[in-house]
2 protein chains.
Amino acid sequence: MSQSHTGVPNDTVPDRTVPEDTVPGETCSLGEVLEQVSGKWNIGIIMAAMAGPIRFTELEREVQGISRRMLTLTLRKLERDGLLIRTVHPTVPPKVEYTLTEIAHELHDTFIGLTAWADRHKASIAAARRAYDAQSQGA
Amino acid sequence: MSQSHTGVPNDTVPDRTVPEDTVPGETCSLGEVLEQVSGKWNIGIIMAAMAGPIRFTELEREVQGISRRMLTLTLRKLERDGLLIRTVHPTVPPKVEYTLTEIAHELHDTFIGLTAWADRHKASIAAARRAYDAQSQGA
DNA sequence: CTGTATCCTAGTAGATACTG
DNA sequence: CAGTATCTACTAGGATACAG
């Protein structure tokens with residue numbers, strides 16, 4: 001190690017030997033998670049569908065700001081990953097319903113926790129940003 | 001899944017009037033969440049820093065697959081948002097430590113839940129993808 | 001050791017128009 | 001109603017080289 005001449009004793013550093021509840025072992029898992037969670041609209045759509053089957057136009061209204069294109073794309077992606085089921089009712093006019101699968105429903109609590117966290121801290125995050133930007137300008 | 005979408009008139013569908021535990025009220029909150037959670041490396045870095053202050057090179061090793069550039073960029077973003085603190089020790093060679101803030105630590109359980117979910121379902125997600133792709137080809 | 005700078009690619013996303 | 005097509009723009013991300 002190269003810290004012997006820095007004067008910093010490093011016997012107080014916590015061991016990085018993965019305390020079994022901190023790191024998921026496989027990086028693969030993380031990658032899979034990100035694909036569901038990252039993306040601008042995934043969470044919004046899943047949250048909107050939590051209450052039960054929902055139609056295309058309802059989603060378009062509920063997930064405000066989403067474009068028709070992105071709604072379609074995200075829906076297809078979610079369907080492909082088995083997070084929701086697309087049901088076409090052969091009526092006229094056509095009616096399509098999107099229903100979350102069981103595994104998607106399991107994300108409910110996590111997403112609630114996530115949004116709660118954001119709600120608790122959005123003010124301080126905004127403040128931190130302003131502080132950082134102000135300081136960056138000065139520097 | 002628990003309820004069918006097979007044409008049974010569903011009088012049990014809950015109203016879409018935001019049951020106060022399902023939708024975060026403001027789309028803004030969601031947007032803020034996504035900025036912390038989306039992005040390929042945010043979760044990995046935060047998880048790696050959960051155990052205590054961690055150095056640049058340690059992160060580079062622990063968050064496997066990340067490039068130096070993305071590590072720097074993500075670190076800066078996280079710092080700007082007040083999720084971690086960057087401490088420079090004016091030694092030679094330089095030593096920089098990244099320490100999570102309290103609000104970042106609060107994400108621990110949520111992220112654990114997320115990775116656990118991914119771990120539980122990654123097999124069925126992969127299967128769903130194969131099925132979807134196979135069917136798309138046929139169609 | 002801890003970054004920055006540059007170049008380049010692919011994916012994400014918006015706008016708009018068109019269709020079964 | 002529920003999409004698709006096309007065109008464009010921005011950003012995320014990787015590779016590589018250089019620097020304090």
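So that the names make sense, note that chain A is the first sequence line, chain B the second, and so on, each numbered from 1.
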*Asks:* Take atom CZ of R68(A) and atom P of dG20(C), then tell me their distance rounded to the nearest Å.
*Replies:*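 That distance rounds to 16 Å.
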*Asks:* To the nearest Å, give me how far apart CG (L73(B)) and C1' (dG13(D)) are.
*Replies:*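 Distance, rounded to whole Å: 9 Å.
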*Asks:* Which of the following nucleotides, dA2(D), dG3(C), dA13(C), is nearest to the side chain of V96(B)?
*Replies:*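 Taking heavy atoms from C-beta onward, the closest nucleotide is dG3(C).
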*Asks:* May I ask you to decide if I103(B)'s main-chain N or O and W117(A)'s side chain share a donor-acceptor pair within less than 3.5 Å?
*Replies:* yes
*Asks:* Please compare T57(B) and K77(A) by the position of their nearest nucleotide in DNA chain C and report the one closer to 5'.
*Replies:* T57(B)
*Asks:* Find the distance I66(B):CD1 to dG13(D):P and express it as a whole number of Å.
*Replies:* 9 Å
*Asks:* Is there a donor-acceptor contact under 3.5 Å from the side chain of T110(A) to the main chain of L114(B)?
*Replies:* no
*Asks:* Quick check: closest heavy atoms across G44(A) and V63(A), and the distance to 0.1 Å?
*Replies:* O-CG2, 3.9 Å
*Asks:* Would you confirm whether T115(B), through its side chain, and I112(B), through its main-chain N or O, come within 3.5 Å as a donor-acceptor pair?
*Replies:*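 At least one qualifying donor-acceptor pair exists.
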*Asks:* Should R86(A) be listed as having a side-chain N or O under 4.0 Å from OP1 or OP2 of dG3(D)?
*Replies:* yes
*Asks:* Over how many whole Å does the gap from E60(A) atom CD to dA13(C) atom C1' extend?
*Replies:* 15 Å
*Asks:* Do R69(B) and dG13(D) share a donor-acceptor pair, side chain to base, under 3.5 Å?
*Replies:* yes
*Asks:* Please confirm whether the shortest side-chain N or O distance from R76(B) to OP1 or OP2 of dT4(C) is below 4.0 Å.
*Replies:*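 R76(B) to dT4(C) OP1/OP2: side-chain N or O found under 4.0 Å.
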*Asks:* Rounded to whole angstroms, how far apart are CG on L71(A) and P on dT12(C)?
*Replies:*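 Interatomic distance, CG of L71(A) to P of dT12(C): 16 Å.
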*Asks:* Determine: side-chain N/O of Y98(A) to OP1/OP2 of dC1(D), distance under 4.0 Å, yes or no.
*Replies:* no
*Asks:* Does dT11(D) have its OP1 or OP2 closer than 4.0 Å to a side-chain nitrogen or oxygen of K40(A)?
*Replies:*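 Checking dT11(D) against K40(A), no side-chain N or O comes under 4.0 Å of OP1 or OP2.
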*Asks:* Donor-acceptor pair, N42(B) side chain versus S38(B) backbone, under 3.5 Å?
*Replies:*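 Judged by distance alone, yes, a pair lies under 3.5 Å.
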*Asks:* Could you state the atom-to-atom distance from NZ of K95(A) to P of dG20(C) in whole Å?
*Replies:*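 In whole Å, dG20(C) P lies 24 Å from K95(A) NZ.
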*Asks:* Looking at T72(B), does any N or O in its side chain come under 4.0 Å of the phosphate oxygens OP1/OP2 on dG3(C)?
*Replies:*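 For T72(B), the contact criterion (side-chain N or O under 4.0 Å from OP1 or OP2 of dG3(C)) is not met.
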*Asks:* Check the distance between dT2(C)'s P and L59(B)'s CG and give it to me in whole angstrom.
*Replies:*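 For the pair L59(B) CG and dT2(C) P, the rounded distance is 9 Å.
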*Asks:* Take the protein atom CZ of F56(A) and the nucleotide atom P of dT19(C), then report the distance between them rounded to whole Å.
*Replies:*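 It is 18 Å, rounded to the nearest whole Å.
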